[in-house]
Amino acid sequence: MTRSCSALGCTARDTGRSRERGISFHQFPVDAAQRREWIRAVNRVDPRSRQAWRPGPGAILCSRHFAETDFERYGLRRKLRRGAVPSRFPRPEPPCAGRRSGLAAQAPKQPLPSPPAGDHTYSLKGQPATGGEARLPPEAPQLRAGGKYGPVHRPSAVLSILRELAEKRQLSQETVSLLQAQFPDLPCESHSWRQMAEYSPEMRQFACVLHLYHNKAYDYLRKILPLPHPSSLTNWLSNNEAAAGFSNNIFLCLQEKVERGEHAYRYCALMVQDMSLQKQQEWDPQTHCLTGFVDLGSGILDADEAPLASDAIILMAVGLSSPWSAPLGYFFVNSTTGHLLAQLLRQTINKLNNIGIMVLAVTSGATAHGAETARALGIRMDPERIYCTFHHPPGSAHGITYFFDIWHTLQLIQNALQCFQKIEWLGDTVQWQHVVELAALQEERVLEPCTPRSGRPGTEESYYLKVNLATPLFSEGVADALEHLQKLGLASFRNCSGTVKFVRLMSRLCDVFYGRCPYGRELKGPLLAGNYAKINHLFNDAKSCFITLMDSMGRYIIKSKRKLGFLSFLLNAESFKWLYNNYACQFTTSTKLTNIIKSSMPNQSVPVP
C-alpha cells in the first residue's frame with residue numbers, strides 16, 4: 001500500500017511519480033530526542049486520547065516540509081542532514097462561512113484525526129471526525145485463487161483468517177501452525193488491533209514472520225488490520241547486539257562512511273548464503289532462555305510446538321571499487337525456501353538504500369534454493385531468452401542483476417560430466433574417463449613436458465607426474481597435462497582433443513569471473529573496452545557450446561535434469577554484459593567490475609577426482 005505524508009493537509013504520496021518530481025520521503029528518526037522534535041513540529045492530536053499524536057513505524061514526511069538547508073547532496077543523491085527538523089507546514093484553513101452547513105459547518109478547529117499508532121494511511125473511510133471508535137465496514141476484500149480480491153464477509157478472528165487462507169492453499173499449513181503456536185495471546189478480534197496504543201513485541205513478531213514467510217497473505221491481512229508497510233519491518237528485524245537479525249552497528253558504520261563522502265561505499269553487491277545446522281535445544285544461563293529455535297531478528301520463536309532451527313541464512317555486502325566487505329546479519333530458520341531468501345534480500349536492499357548505498361548485484365549459490373530465489377525475484381533462466389535483472393522497489397527503473405556462485409556452478413558441470421561420462425560437442429567428444437586416467441597417473445613415470453617457462457623441449461628423462469587432487473578440474477594445467485599425454489601417444493589419451501578444448505573453455509570462463517588482480521592481462525585484466533570485446537566473444541563461444549551439448553543418446557543437456565550448471569554460466573554471462581553496459585563507465589579503469597562476482601565467493605576449488 002502506498003504511504004502518504006503525515007503532515008496535516010499534505011497530499012504527497014510515496015509513488016514513482018512523486019519521486020520523479022523531486023519529492024523525497026523520510027521516516028521519523030529513531031533517536032528519541034529528535035523524534036520528539038518532529039512530533040512537536042507536525043503538531044497533530046490523537047482524536048481518541050486528545051494527546052499528542054504518536055507516529056507509527058511507517059509514518060513519513062515529504063521533503064516539502066524541510067528547508068533547503070536541511071539537505072546535503074552526494075552527487076545526484078540528496079540526504080537529510082543529521083539533526084534536521086521539519087519547519088514548513090501550511091496553516092490549517094478555518095471553516096468557511098456562507099452556504100456551507102451541516103457537518104461541514106460544524107467541523108472542529110483542530111488537527112485532523114489519525115490512527116493511534118499504526119501507519120496513518122490505514123484509517124477507515126467514513127470514520128467520525130470527532131474521533132469516535134472505528135467501526136469495521138461490513139465487507140472487505142478477500143483473496144481469490146487468481147490473486148485478486150473480491151468483496152465478501154470478513155471473518156473477525158485473525159487466526160480464523162489465516163486458517164481460511166490455508167484451506168484455500170494460499171498459505172502453507174506449517175506457517176499457520178507456527179503462528180498459532182507462537183502467538184496464542186494475540187488479540188482475536190480485528191477491531192482490537194486498532195485500539196492498541198502501540199505495537200507489542202508479539203505483534204511485531206507476528207508481522208515479521210507472516211511477511212517473510214508469505215508476503216501476499218501479509219498484504220491481504222493489511223486490508224483488515226493496521227499492520228505497517230513492509231518497508232517498516234526492517235527496523236523490527238534489526239538488533240544492536242550480536243544477535244540474529246540485521247546488525248544496526250554495521251549499518252551505522254556504513255552510513256557514516258557514506259556521509260563522509262567515501263565513494264567506495266556508494267555501490268555494493270549482496271551475497272546470500274545458507275548453511276545447515278544441527279537441530280539442538282539448549283538452555284542459555286546468561287540470557288535465561290532456551291536457544292535453538294527460529295529467530296528472524298524480531299525475537300525467538302520458542303513455543304513448545306515451534307520447530308527448531310535447521311538452517312542459518314547469512315547476508316554480506318561486498319564493495320565494487322574497493323575490496324571491502326561487511327556482514328549485514330544472519331537469521332535462523334527451520335527450512336530455507338527461495339521465497340524467504342527473496343524477502344530477506346528485498347529487506348536488505350531497502351535498508352542499504354536508506355543509508356545511501358546502491359545495490360547493483362546479488363550473488364547466491366547455484367543450488368536448488370538459489371534457483372528458487374532467482375525465480376522468486378523475477379529472474380528467468382530460459383536458454384532462448386534470459387532475464388538477468390529484477391527491479392527493486394518493484395515497478396521502479398532501478399535494476400539489480402543476479403549471479404550464481406562460480407564454484408558451485410563448476411561443481412554442477414563436473415557432476416554432469418561425471419554422470420553422462422561422454423558428451424558430444426561440435427564434432428568432438430568430452431570424456432570423463434580422461435580425467436580419471438589423468439588422476440591415476442600421479443604415481444607413474446612419464447616424460448618431462450615442454451613448459452612455456454623453460455622453453456626447452458621434453459627430455460628423455462622421466463619423472464613422476466604430480467597431480468594435485470585439490471587442483472581445479474577446469475584449469476589450464478589440466479588441459480596442458482592432457483595435451484602432453486596425448487602427444488606421448490598413450491592409448492588412454494589418444495582421443496582427448498575434445499576434452500582438452502572443453503577444459504580450456506571452462507578455464508577461460510573462470511578467468512573472466514574469478515580473476516583477482518586489477519593489473520592482470522588478457523581475460524584477467526581490468527574491464528576496459530578492448531578487453532570487453534574479447535570477453536564478449538568468449539561468451540558467444542560458450543553459449544554456442546552449451547546449447548549444442550548432447551549426451552550419448554542424442555539428447556540436449558541444456559534441457560536435461562543436469563542443466564543448472566550450464567544455465568548458471570549463461571545467466572552470469574548476461575549479467576556481466578548488463579553490468580558493463582550500464583555501470584562500467586562509473587568505475588575507474590583500474591577497477592575490475594567482476595569484483596561483484598569474485599569478491600562475494602568463498603575460495604573453493606573443484607578437485608580432480
Check whether more than 12 heavy atoms from other residues, nucleotides or ligands sit under 6.0 Å from atom CG of Asn536, and answer yes or no. yes
To the nearest 0.5 angstrom, please state how far the CD atom of Gln421 sits from the CH2 atom of Trp432. 8.0 Å
In the structure I gave you, are the side-chain heavy atoms of Tyr213 and Leu296 within less than 4.5 Å of one another anywhere? yes
Which of these, Thr373, Thr389, Asn572, sits in a side chain to side chain contact (heavy atoms under 4.5 Å, CB included) with Tyr402? Thr373
Evaluate the criterion ring-ring contact (aromatic ring centres under 6.0 Å, His included) for residue pair Phe576 and Phe539; output intermediate values, then yes/no. CA-CA 10 Å; Phe576 187 95; Phe539 286 163; 5.6 Å; yes
With rounding to the nearest 0.5 angstrom, report the CZ to CE distance, Arg266 to Met358. 7.5 Å
Indicate, with yes or no, if the rings of Phe332 and Tyr330 have centres closer together than 6.0 Å. yes
Decide yes or no on side-chain hydrogen bond (donor to acceptor under 3.5 Å, both in side chains) for Gln347 and Gln343, but give the supporting numbers first. CA-CA 6 Å; Gln347 290 290 341; Gln343 290 296 99; over 6 Å; no
Can you tell me how far apart CG (Leu252) and OG (Ser247) are? Round to the nearest 0.5 Å. 9.5 Å
Student check: side-chain heavy atoms of Met550 and Lys422 closer than 4.5 Å: no
Say whether, by atom type as modelled, one donor and one acceptor occur between the side chain of Ser575 and the main chain of Leu571 under 3.5 angstrom. yes
To the nearest 0.5 Å, tell me how far Ser497 OG sits from Asp428 CG. 4.5 Å
Are Cys496 and Gln431 side-chain neighbours, meaning at least one heavy-atom pair lies under 4.5 Å? no
Working for side-chain contact (heavy atoms from CB on, under 4.5 Å), residues Ile400 and Ile349: CA-CA 10 Å; Ile400 301 174; Ile349 296 171; 3.6 Å; yes
Atom pairs and distances, side-chain donor-acceptor, residues 558-570, under 3.5 Å, sequence neighbours left out:
{"from": "Ser560", "atom 1": "OG", "to": "Ile557", "atom 2": "O", "distance (Å)": "2.7"}
{"from": "Ser560", "atom 1": "OG", "to": "Arg562", "atom 2": "N", "distance (Å)": "3.3"}
{"from": "Ser568", "atom 1": "OG", "to": "Leu564", "atom 2": "O", "distance (Å)": "2.7"}

For Trp425 and Phe502, take the angle between the two ring planes, folded into 0 to 90°, and tell me which bin it lands in: parallel under 30, tilted 30 to 60, perpendicular over 60. perpendicular
Looking at Thr363 and Phe404, would you say the former's side chain and the latter's main chain have a donor-acceptor pair under 3.5 Å? no
Residue pair His398 / His391, side-chain heavy-atom distance below 4.5 Å: no
No-hydrogen, no-angle side-chain donor-acceptor test under 3.5 Å, Gln414 and Gln418: no
side-chain contact (heavy atoms from CB on, under 4.5 Å) between Leu482 and Val478, intermediate numbers included: CA-CA 6 Å; Leu482 290 173; Val478 173; 4.2 Å; yes
In sequence, state the C-alpha distance, the side-chain angles, and the governing distance for Leu341 and His369, and then conclude on side-chain contact (heavy atoms from CB on, under 4.5 Å). CA-CA 8 Å; Leu341 291 174; His369 295 155; 4.1 Å; yes
Donor + acceptor pair across side chains of Glu437, Gln433 (<3.5 Å): yes
Between Glu72 and Lys79, is the closest basic N to carboxylate O distance under 4.0 Å? no
Among side-chain atoms of Thr499 and His434, is any donor-acceptor pair under 3.5 angstrom? yes
Testing the 3.5 Å rule here: is there a donor-acceptor pair between the side chains of His229 and Asp14? no
So, Tyr532 versus His537, ring centres under 6.0 angstrom or not? no
Are Glu372 and Arg375 ion-paired here, with the side-chain N under 4.0 Å from a carboxylate O? no
Does a salt bridge link Lys501 with Asp541, judged by any charged N lying under 4.0 Å from a carboxylate O? no
Ignoring hydrogens and angles, tell me if any N or O in the side chain of Asn239 forms a donor-acceptor pair with the backbone of Ala244 under 3.5 Å. yes
Does Val272 form a side-chain contact (heavy atoms from CB on, under 4.5 Å) with Leu345? I'd like the steps, not just the answer. CA-CA 8 Å; Val272 58; Leu345 283 171; 4.1 Å; yes
Give, for atom NE2 of His211 and atom CZ of Arg346, the distance between the pair rounded to the nearest 0.5 Å. 9.5 Å
Does the pair Glu476/Arg508 count as a salt bridge with the N-to-O cut at 4.0 Å? no
Would you indicate whether the side-chain heavy atoms of Phe331 and Phe246 approach each other to under 4.5 Å? yes
